[in-house]
Structures are given as structure tokens and as C-alpha cells.
Amino acid sequence: MSSYNHKAIETKWRAYWEKTQAHTVKMDPAKPKFYCLDMFPYPSGSGLHVGHWRGYVLSDVWSRYKRLQGYNVLHPMGWDAFGLPAENDAIKKKIHPRVSTANNVANFKRQLHEIGAMYDWAREVNTTDPDYYKWTQWIFLEMYKHGLAYRKEMPINFCPSCQTGLANEEVVQGACERCGTQVEKRNLKQWMLKITKYADRLLDGLKTLDWPEKVVKMQESWIGRSEGADVVFAIDGSDHQITVFTTRPDTLFGATYMVLAPEHELVAKVTSSEQAAEVEEYVRQAMTKSAVERMANKEKTGVFTGAYGINPVNGQRIPIWVSDYVLIDYGSGAIMAVPAHDERDFEFAQKFDLPIIPVIAEPDGTIPELPFVINGKMINSGAFDGMDSEQAKKAITEHLQKKGQGKASVQYKMRDWVFSRQRYWGEPIPIVHCPECGEVPVPEDQLPVTLPDVENYQPTGTGESPLSAIGDWVNTTCPKCNGAAKRETNTMPQWAGSCWYFLRYADPDNNEALASPDKLKYWLPVDLYVGGIEHAVLHLLYSRFYIKFLYDIGVVDFDEPFIRLFNQGMVCKDGAKMSKSKGNVVNPDELVEHYGADSLRIYELFIGPPEVDSEWMDNGIEGVYRFIQRVWNLVVRSLNDLPEPTLASEKMRHRLIATVTERIESFKLNTVVSAFMEYINQVGSTLDRQSLETLVILLAPLAPHLTEELWQMLGHKPSVFDAQWPKADAEMLVADQVTVAVQVNGKTRATVDVAVDASETDVMSAAAEITSVKNALSGKEVIKTIYVPGKILNLVVR
RNA sequence: GCCGGGGUGGCGGAAUAGGUAGACGCUACGGACUUAAAAUCCGUUGGGUGUUUCGCCCGUGCGGGUUCGAUUCCCGCCUCCGGCACCA
């Protein structure tokens, strides 16, 4: 008997797929499409490990499954190749990022081929290709024209190790998301994208998506919409006024002081001369503290300015303080403090001995323990006393509005996107600075603005990009007036290229547009997007923003890019995430060599529920390898002496179809594998032709090489992927025998096998024969029986 | 602190419109084949216990509750992992 030779089989079929261009897809309006997308990788120098495989296998199983169901499946792959590691390598080893990137891409591609996925490599995209980033720049210019890209000098997060500014989304607990270094605040003139303009639409769109709830929640809380009111406070003896944002206008009568953020422009203007020295010192210290230091020290600090605000509802004079617990970049950078009903204000008031006046009571009127931060009944609030505080929010806001001292207001936690990086290896921002004309966008016909070669990639660290040192490149002429001008030297963040790459796959070679409208219309949006959770609020939020903008300017006809999202879990080793630095990386190359790609594919699925982190076990793949050999041997053995199908084999066959289909649909891919194993364990030594063929088709998404070979051995022309996914016959799924559990007082004593339509009496008489049941019943009286046909018979005794 | 998700054998994990807990795989042990080993195949494998072809007790993080019956539902804890974190 010929034995299973994974190497020969996998080599043969990979060559066959390549020769026949089996995975090249074309737009075909007559066929339904399915767009199955992997988050494209950054081609790092360390290559793929088995954790990367997991998502790629998952999406390939789905792609092949959909293909077998008759869909025209787009399953592309490409490279998110701008980024810091290549640039850091360039600095360290003096290798041009273009060269190292090309090397890494070649290695990644080789490794991805090993998976045996049905990628259409004719559609490969690379964000660092000028033909690609031309369109990344084009989108930026469209945003610029529509007022969404602007330049502003402001304090931003700056990573001293990466030597570049960062977006808020790239700062995790005060540290750089990439390298873990504590970030600093730096005042830099930055390009910003007005993502906040889309805050509400980004929030509303989430409701329409088939995404993991966790990601939806994360985006919601990142956007952080709060409804409340702006309240205007006059300043005693001054023309200035302070606007504050509050979500609790109902507590306005309880405001006993106000706080300005140290950076607030009114601090210098309102501070009294007696307090000036103290305030200046406090502000100076606050500014030098890093964001982390400010966060780490939760102990409240602050200084009185000597000024007083006037409460618009009751004319009360309340002191104005400066404290760093108020953030400059949220709301107006100033608050009214209601210590009775806010934990932070309460703490501050206690420390500095400021008055605490309750204005919300329990619904029954009793004064609760303070701070009392939930809704209740209004007290100490003049005309609003007795009102429910929820209603009072509205009533007080309306009252302020009439007086012209306030209005309803909505605030978001999300800030505009800091979009420039002071680094070399990124898309140049296509803007020219002209002394006469100011900022001038590079005309579309001059795109792309390509990256020049440089001698030295070292970031300057001064907030200027290494590009600024390339005179030939920086010095240019103004597209408007033809006078001498300079190019913008900041580059775009790595996210820029990944915001829209999935559009380019639809039409990767288009020179006229980022993709043609009819191809976009056919292929997009993405039906299934597979990738890690780490992009929950970065890439996935930025992409949604880009697509909403492209929708607004008529480039695409949908405004959510990814209909369904699936986050695969990490693969861990020794309880930790695989990483080169921990030295716990499992290399797939050796496993493919030893067991074959099909075994590794199936083990990646079998390792655990796909959405959950899983622990890699080195000998787990052995079991899968044995299973594959059993399938192989079963087919070979059966072909020697094909039996006829029986009713039993037909029932098993249909049961397998139903189980596998249902479990793929619900993403329970680990249990799909066990369904196959159970089937192989129970069918016996040979199987009839139809059962074998069904088995091969059902297994094809998981083990494409093996099943192509078996399909051919069964006398078919390749490819098995031209076959049709079988359908289960509902009648064949009905079992004729069932096992019923016999319980006494809810405790299972035995099981009986009976006909599926057995009556309670049938089961009872069968059960009465069994020793354990007899024991449990002896000397007892049966007072009640519960019979669930096909499931249980429960005898309640006394 | 707030929000979200988990705790099931030696291990990875099955099973939740409440109905046989531990499928499937790994490990381990025993057996067959073999000169021997590997591979393969066949058993056993949650813990305890007895009068051992059979039976009994315990068991899904802990403590309660609802129910004929709870891994599944409810209440209260413990614990682990993620996200956010002075956002007014």
C-alpha cells in the first residue's frame, strides 16, 4: 500500500496551482463574490512563526469553503512595508530600507507559500511602491482640499526613542505603543487629520457591523462621546469669562470653585498679583512633569489664582484654582467643581478645605453619603428643588441657554489624528511651502512625491525629518508661482498606507485612479476580515475614517469597509506570547518539512477555539499527522475493494456534512477537526465511493494538498475546488436509535438504548431491569416521572 | 477605580433555548507485531472506594438559591487575563 508522502504531494499540487493559475480571480458580475481579507503583514526580518499562521489558515479555510460553495473569492495578500524596523536597520547596518524590505518580503512570501493558501499573487500590493503610495498621497491631498488635513503647533506625544511624534492611539499607558518608552510632550508643528469631524458617524456605524463586541466597545470608549452642557462663568472684576463643559448641569448650584488646567490661556490673565508668584511656579512645574508623572501622582495638587468666577444660576462668587487634574485638551480645559457629586472634586475640596454643598438627595429626600455621583432629587437648587436630577439637566441647560450663559454640548475623548512623523521611511506629505503662497498642495499630475535616497537616516531628534538635510530634494519650485520653495519634510505614519490597501486589491495596477469604480463596486466591501485584536482602535478606526471620507467624495459607494471582523487569538508558548526576544518562537518551516503544510494547517485549527489565545504543544501536531495518514490509508484501502454504501454509512455521511458545515459557519474550527476524527474512528476499515468523495470535499478547505491528491486518486480531474460543497439530507440526519439517560432524583443511574420514537413505558420497562436503577428504587415510592423523549427519564422517588 | 472576558482531568480542550460532564487529541500505562527499536494497531486513563463480569460516594474556582434535574439560570465572593484610566 502506498504511504502518505506529504512532500511529494504538496510540491506537486503547489506547482499545479501555479501552472493553472488556480488562484487568479477575475471580476465576474454573473457570480456572487466573497472578499476574504487578512490584515496584511509588516514584513519583519524575523519571518513568520506559527502564531502568524493561525489567522492565515483561518481565512484560507473560509476562502476555500466559500469557493466550494460557488463564490468568486477574492483572497489577496500584500505588504505593509513602511515602518520603523526597516529604518532602524538602515541606521544600524547602513542597508537601504528599500533593500532590506525587498529581502524581507521575499522571505515572507516564501513562508506564506508554504501555507498553501489560495492567495491571488497577481494582486499583491506594497505600500512602499511609488505606484501605490501615489494614491496614499492623493487621498491626503483630497483630505487637504476638503479641510480635513491641517497644520497646527501644539503639544503632542513624542517618543524620545523612536524620535518622532505619535498619535494618541499610539500611546498606551503613557508609553510608546511600539517600543514601550515613556512619551514626552513636545510642542511641534504637526499635520493633523480631522477625524473628530467623523466622531458621530464612526460611532453610529459600529451598530451596523458584525464585529466582536469587544472591539465595538473599545472603539466606543475610545471615541468617548459625552453629552452635557457648556456653562459660561463671568469672572469677578474682569472682562474675561470661563466656559466649562459639564455632563452634570443639574449640579450647577453645588459648584463651589472652578479649576483651570495649568496650560489654560486665562491662567496668566486672571491671576491676582498676590498669587502670581505661586501660580507661576505651579504652572512651571506642571509643564515640566511628563504625562506619566502627572498621571502617576494621583494626589491632588493646585494653587488658588486669587480670582473669582460668578455662578450664572445663583450669582455665587467662587474661587478659581489651577490644578493639573484638569486636562487642557478635553472640553475647554476648565471645569466647574462640584465636590458633593464628583469624586475628584471631593478629594480636592477636602484637601484644600473648600466648601462641599450637596444639591442632589436620595429620591426620598435624605442626604446621602458624599460624594454622591448618581441621579436623585434636586435640593439647594432654587426653583429646581424637588425635580428629578435627570430632568434638571435639561431644565438647567435650557435656563442657561435663555440667559445666553450656556448651551447643550457634546464632547469626545477622541482627538484629531497627529499625522506627521519626523522619520525617513514613510510616504512624503505632498505639500510645498512657498514664502509667497504659503502651503501649496503638489498637483495631482506630479504625484507621487517619491522618497529620495539619503546618506544618513538618523533622525535629527529636533522634530525635523532626515529628509530636511537633502537639499536637492527639499528645494523645489512652488507649483503656484514657480518661485523657490521647500518641500514638506515630514512623512506619514505607518497607518496611512493600511487605511485603504484593501481597495487597491480590487484593481492593483490602475494608473488612473486608486481603483476603478466598477471593480470597487463588485469586490468591496470586505466580507470577512481576519486579524489580531491589537488593531482594535488603531488601524480599524483609521480605516473606517478613511472609507467614510472616500464615501463622501464619491470614490466608494459604501461607508463601512469591513462587514464582518474576526480576531484570532494569539498562539502562546510556555504561557507567553511568542516573540524573538523571549526565545519561545516556534518556526513553521521545520514543521512543514517534517509533517507537511496540511498537518500544520489542521493543527493550527485544532489547537483551540480560534478566537481564544492558545498554548502551543509540540506533540499536538503528531495526532493531526496520524489523522491525516488514517484518511490517506482509508482511501487507499477502500480503492482496492470498494464496498457499496449502506444505510448506516449514508447516515454517517450526511451527519458529517451537517456537522462540518454548521461548525465552519459558526467558526468552531477546532471542533470541525474533531468531527472528522470521530468520523474516521467510527467508519471502519473501508468506505464506499460516495462517502469517500464527500469526505474529501469536506476536508478540502482544511487540507487542500492532500485532498487534491485524493480527489485525483478517486478518478476525478483536478481540482477538488471545482467540486460542489455537499448538502445534508435532513431525513438522513434522523437517528433510529437513541440513548436515553435514566435518572433517579436527577442523578443519572444508567442509560438505555431505545428506538427514537420509544414511549415512556418502553424506556421504563427497559430501565427497570438495570441493577443500579433497581438499587436506587428499592424501598422507595415513585411520586413523579419526567420523560423527555430521546433525552432523559427522571424518576422522582421518596 | 470603571468596562469586558475567563476559571472544567496530568495537559490542550468538548458539551450551555437546563437534560448521560470530560467528545477529540496529547501524555502515561498495559498488550499485539518485531531479533530489537521506531512506526502501526488494540485496550485502559477525573478522584476515591467496595463484597470488583457489578456497584457506591465525590467532582466543572468558592458559598448560597431556583429546579425533578445546574458546567449552563439567579445572588454574593475569590481569582486570572484584556481594555480604559483625573475625559469633568
Side-chain angles (χ1 to χ4, degrees), chain A residues 3 172-174 212-222 224-226 228 244-248 251 255 258-259 261 294-295 297-300 323-327 329-338 341-345 347-348 373 411-415 533-534 536-537 570 602-603 606-609 611-624 626-627 629-630 633 668 670-681 739-752 770-772 774-776 783-788 790-797:
Chain A
S3 62
V172 180
Q173 298 186 345
E213 209 174 317
K214 180 178 181 164
V215 178
V216 170
K217 282 260 162 62
M218 280 168 76
Q219 291 211 357
E220 275 172 359
S221 63
W222 187 262
R225 182 189 154 101
S226 293
V244 303
F245 171 72
T246 178
T247 55
R248 297 294 305 272
T251 64
M258 304 182 75
V259 184
R294 264 171 82 159
M295 271 195 302
N297 186 9
K298 298 247 173 167
E299 176 85 2
K300 297 279 180 290
S323 172
D324 65 5
Y325 85 90
V326 172
L327 308 174
D329 51 3
Y330 183 77
S332 62
I335 62 159
M336 65 178 210
V338 185
H341 304 289
D342 181 281
E343 278 162 14
R344 296 150 301 182
D345 298 346
E347 196 191 323
F348 191 87
V373 298
Q411 295 290 328
Y412 302 90
K413 281 206 259 185
M414 183 172 68
R415 312 291 146 79
I533 186 82
E534 65 273 18
V537 286
M570 279 186 320
I602 294 178
Y603 183 58
F606 192 53
I607 188 168
E611 71 281 6
V612 177
D613 292 353
S614 299
E615 176 71 16
W616 181 269
M617 308 223 295
D618 286 321
N619 41 23
I621 194 171
E622 296 270 359
V624 167
R626 278 181 211 136
F627 158 73
Q629 292 184 79
R630 271 184 218 131
N633 293 337
K668 293 178 170 177
N670 52 328
T671 64
V672 170
V673 178
S674 45
F676 280 117
M677 289 173 167
E678 280 175 87
Y679 182 74
I680 291 296
N681 288 347
T739 306
V740 173
V742 181
Q743 302 181 334
V744 178
N745 284 347
K747 184 170 283 194
T748 302
R749 293 293 166 177
T751 60
V752 290
I770 302 168
T771 319
S772 55
K774 276 192 236 166
N775 287 352
I783 53 169
K784 191 177 174 187
T785 63
I786 292 126
Y787 180 57
V788 182
K791 297 261 163 117
I792 57 127
L793 173 70
N794 188 10
L795 307 170
V796 185
V797 301

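Proteins come first, then strands; the chains are lettered A, B, ... in the order of their sequence lines, and each starts at number 1. Just so it is clear, the structure is predicted and the values come from calculations on it, not from any experiment. Only heavy atoms go into these numbers, but all of them, side chains included; no hydrogens, no water, no symmetry mates.
Distances from the side chain of A/Ser772 to the nucleotides B/C56, B/C84, B/C68 place B/C56 closest. Closest to the A/Val326 side chain, of the nucleotides B/A23, B/A85, B/A88, is B/A88. Side-chain atoms of A/Lys747 lie closest to B/C58 of the nucleotides B/C11, B/A88, B/C58. Set against B/A15, B/A14, B/G12, the side chain of A/Pro609 has B/A14 as its closest nucleotide. Closest to the side chain of A/Val788, from the set B/A85, B/G25, B/G19, is B/G19. Considering only the side chain of A/Thr771, B/G55 comes nearest among B/C26, B/G55, B/A88. Residue A/Asp324 places its side chain closer to B/C86 than to any other of B/A88, B/C86, B/C3.
Atoms CZ (A/Phe627) and P (B/U40) sit 15 Å apart, rounded to a whole Å. Distance A/Asn794 CG to B/G19 P: 13 Å, rounded to the nearest Å. The separation between A/Arg749 atom CZ and B/G19 atom C1' is 16 Å, rounded to whole Å. If you take CD1 of A/Ile533 and P of B/G82, they are 13 Å apart, rounded to a whole angstrom. If you measure from atom NZ of A/Lys784 to atom C1' of B/U67, you get 9 Å, rounded to the nearest angstrom. To the nearest angstrom, C1' of B/U20 lies 10 Å from CD1 of A/Ile792. In this structure, A/Met570 places its CE atom 16 Å from C1' of B/G12, rounding to the nearest Å. Going from atom NZ of A/Lys214 over to atom C1' of B/C2 covers 16 Å, rounded to whole Å.
In this pair, A/Phe245 and A/Tyr330 present their aromatic rings perpendicular. The plane angle is above 60°, beyond the 30 to 60° band. Classified by interplanar angle (parallel below 30°, tilted 30° to 60°, perpendicular above 60°), the ring pair A/Phe627/A/Phe676 is tilted.
Two residues, A/Ser221 and A/Tyr412, neighbour RNA chain B, and the one matched to the more 5' nucleotide by heavy-atom proximity is A/Ser221. Heavy-atom distances to RNA chain B give each of A/Asn619 and A/Ala741 a nearest nucleotide, and the one nearer the 5′ end belongs to A/Ala741.
If you take CE on A/Met570 and CD on A/Glu615, they are separated by 10.5 Å, rounding to the nearest 0.5 Å.
Listed for the A/Arg248 side chain is a donor-acceptor partner under 3.5 Å among the backbone atoms of A/Val373. A donor-acceptor pair under 3.5 Å is absent between the side-chain atoms of A/Asp342 and the main chain of A/Ala337, judged by distance alone.
Taking side-chain N and O atoms only, A/Ser226 has a distance below 4.0 Å to OP1 or OP2 of B/A88. A/Arg626 has a side-chain polar atom (N or O) that falls below the 4.0 Å cut-off from OP1 or OP2 of B/U40. Taking only side-chain nitrogens and oxygens, A/Thr748 comes nearer than 4.0 Å to OP1 or OP2 of B/A21.
Within 4.0 Å (heavy atoms only), A/Met617 reaches at least one base atom of the nucleic acid. When heavy atoms are screened at a 4.0 angstrom cut-off, A/Asn670 is found touching the sugar-phosphate backbone but no base atom.
Nucleotides B/C3 and B/C77 place their P atoms 13 Å apart, quoted to the nearest Å.
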